Trainee: 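One structure is given below, represented as structure tokens, and several questions about it will come after.
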Amino acid sequence: MIELKNVSKWYGQVQVLNNCSTRIEKGEVVVVAGPSGSGKSTLIKTINALEPFQKGEIWVDGVPVHDPKTNLPKLRSRVGMVFQHFELFPHLTVTENLTIAQIKVLGRSKSDALAHGLKYLERVGLLAHKDKFPGQLSGGQQQRVAIARALSMDPIVMLFDEPTSALDPEMVGEVLDVMVGLANEGMTMMVVTHEMGFARKVGSRVIFMDVGGKILEDCSTEEFFGHPDGRQPRTKEFLHKILQH
Ligand SMILES: Nc1ncnc2c1ncn2[C@@H]1O[C@H](COP(=O)(O)OP(=O)(O)OP(=O)(O)O)[C@@H](O)[C@H]1O
Ligand SMILES: [Mg+2]
């Protein structure tokens, strides 16, 4: 579904992705972890061309992201993205947030977009809130709306960038529940997160990045958690820090 071949990116002189290669098969849930500044956000944003890169190739469902001739808006409409800060339109109701891109980007009729949007809003348990504005919802609820909005576009893959790290602890679970449900249904997902419980529960693989934008580890979840002795010293140090509490 996704293939990265020797992807490198620089900001001026500073290299932020260093020869990154990986493959994500249909239905896989890949968790991306690593220290702050290691390039996790940059890596997943290259996949839907939100971040340009100077070297290498990225293929999404056979579409070459690196090819200047590729229709990037069309590609982006097929790759769902959920950010740390929900980025809902504050001046639009939940329903309008759910339907606007379906109408403007996919050309769906208003009624079709509404049916689609409400189906996913129900799925994340928020149908009763359809006429509210984002500011009237909790953080966890806003993030679930953001997930429903992404799903309303019928994406072939979902990218998540620390979807729970801005939430109050009590709201993390409700968002992770939605994500676990998606994973169990077979959605292809790439998830930047430090929620190692989530990684163990539904992750197929873990990618661990280190500062400088290098993929230090890329292995199955069982290998990652089950064989700590096989991990790189940097990975062990990181896991020790985030798991010790
Ligand atoms: N617009 C920019 N200009 C210059 N450098 C940037 C820019 N955006 C990011 N960087 C640098 O790129 C590197 C990777 O950043 P990125 O946001 O991908 O890291 P991250 O692993 O997602 O970190 P965090 O865990 O804090 O979210 C960092 O060193 C960062 O300072
Ligand atoms: Mg980040």
Side-chain angles (χ1 to χ4, degrees), residues 2-22 24 29-58 60 65-66 72 75-76 79-88 139-140 142-143 146-147 150 155 157-169 171-172 175-176 179 189-200 203 205-219 221 224-225 231-245:
I2 301 175
E3 181 159 24
L4 281 82
K5 287 188 191 163
N6 308 108
V7 173
S8 290
K9 176 181 172 74
W10 289 260
Y11 282 113
Q13 301 289 312
V14 182
Q15 186 158 17
V16 292
L17 294 178
N18 187 341
N19 212 25
C20 296
S21 299
T22 192
I24 294 163
V29 176
V30 175
V31 168
V32 182
S36 183
S38 57
K40 306 178 298 293
S41 299
T42 308
L43 185 78
I44 67 162
K45 284 187 196 155
T46 57
I47 292 167
N48 66 349
L50 283 179
E51 288 281 2
F53 50 98
Q54 287 86 13
K55 265 195 179 165
E57 295 181 356
I58 298 182
V60 177
V65 181
H66 50 279
L72 294 180
L75 171 81
R76 285 188 199 113
V79 179
M81 175 111 202
V82 175
F83 300 93
Q84 182 174 4
H85 299 284
F86 337 115
E87 301 189 17
L88 297 171
Q142 289 185 56
Q143 192 60 301
I147 295 172
V157 47
M158 288 281 286
L159 307 175
F160 294 84
D161 190 359
E162 302 207 37
T164 58
S165 57
L167 298 176
D168 285 346
M171 290 164 192
V172 170
V175 172
L176 289 178
M179 292 171 61
M189 295 163 65
M190 199 164 176
V191 185
V192 178
T193 186
H194 293 146
E195 295 290 342
M196 291 297 135
F198 172 81
R200 277 175 197 256
R205 266 196 298 136
V206 178
I207 289 178
F208 184 86
M209 297 191 69
D210 199 5
V211 174
K214 249 196 161 119
I215 295 181
L216 208 57
E217 315 245 13
D218 184 350
C219 61
T221 313
F224 191 81
F225 293 108
R231 308 279 65 77
Q232 303 275 348
R234 184 69 192 97
T235 314
K236 283 193 225 172
E237 185 193 335
F238 180 81
L239 283 176
H240 181 69
K241 270 189 200 147
I242 64 167
L243 296 175
Q244 70 178 339
H245 299 294

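Keep in mind that what you see is a predicted model, and the values were worked out from it rather than measured. As the structure lists them, so they are numbered: ligands from 1, and atoms in each ligand from 1.
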Trainee: Could you list the atoms of ligand 1 found under 4.0 angstrom from a heavy atom of Glu162?
Mentor: 25 (O), 27 (O)
Trainee: Main chain of Phe83, side chain of Gln143: is a donor-acceptor contact present, judged purely on distance under 3.5 Å?
Mentor: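 Indeed, once roles are kept as given, a pair shorter than 3.5 Å links the two residues.
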Trainee: Using distance alone, with no hydrogens and no angle criterion, decide if Thr42 and Glu51 have a side-chain donor and acceptor under 3.5 Å apart.
Mentor: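 Side chains of Thr42 and Glu51: no pair found under 3.5 Å.
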Trainee: Can you check which of Val192, Thr42, Ile44 brings a heavy atom nearest to atom 18 (O) of ligand 1?
Mentor: Thr42
Trainee: By number and element, which atoms of ligand 1 are closer than 4.0 Å to a non-hydrogen atom of Gly39?
Mentor: 14 (C), 16 (P), 18 (O), 19 (O), 20 (P), 21 (O)
Trainee: Please check if the side chain of Ser21 supplies one atom and the backbone of Asn6 the other of a donor-acceptor pair under 3.5 Å.
Mentor: yes
Trainee: Within the supplied structure, the quantity of interest is the number of heavy atoms (other residues, nucleotides, ligands) at a distance under 6.0 Å from Lys55 NZ; does it exceed 12?
Mentor: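 At most 12 heavy atoms, drawn from other residues, nucleotides or ligands, come within 6.0 Å of this atom.
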Trainee: For the CZ atom of Arg231 and the CD atom of Glu237, what is their distance to the nearest 0.5 Å?
Mentor: 15.5 Å
Trainee: Taking only non-hydrogen atoms of Met209, do any sit less than 4.0 angstrom from ligand 1?
Mentor: no
Trainee: Taking both backbone and side-chain atoms of Val16, is any N or O found less than 3.5 Å from an N or O belonging to ligand 1?
Mentor: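 So ligand 1 has no N or O lying under 3.5 Å from an N or O of Val16.
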Trainee: In total, how many protein N/O/S atoms does one find closer than 2.8 Å to the Mg ion (ligand 2)?
Mentor: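 Excluding waters, the total comes to 1.
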Trainee: Among all protein heavy atoms, pick the one closest to atom 9 (C) of ligand 1 and tell me residue, atom and distance.
Mentor: Tyr11 CE1, 3.5 Å
Trainee: Can you sort out which atoms of ligand 1 are near Ser38, meaning under 4.0 Å from one of its heavy atoms?
Mentor: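 So the answer, numbered in order with elements, is 19 (O), 21 (O).
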Trainee: Does the protein put any heavy atom within less than 4.0 Å of atom 31 (O) of ligand 1?
Mentor: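 It does not; no protein heavy atom is within 4.0 Å.
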Trainee: Taking only non-hydrogen atoms of Pro35, do any sit less than 4.0 angstrom from ligand 1?
Mentor: yes
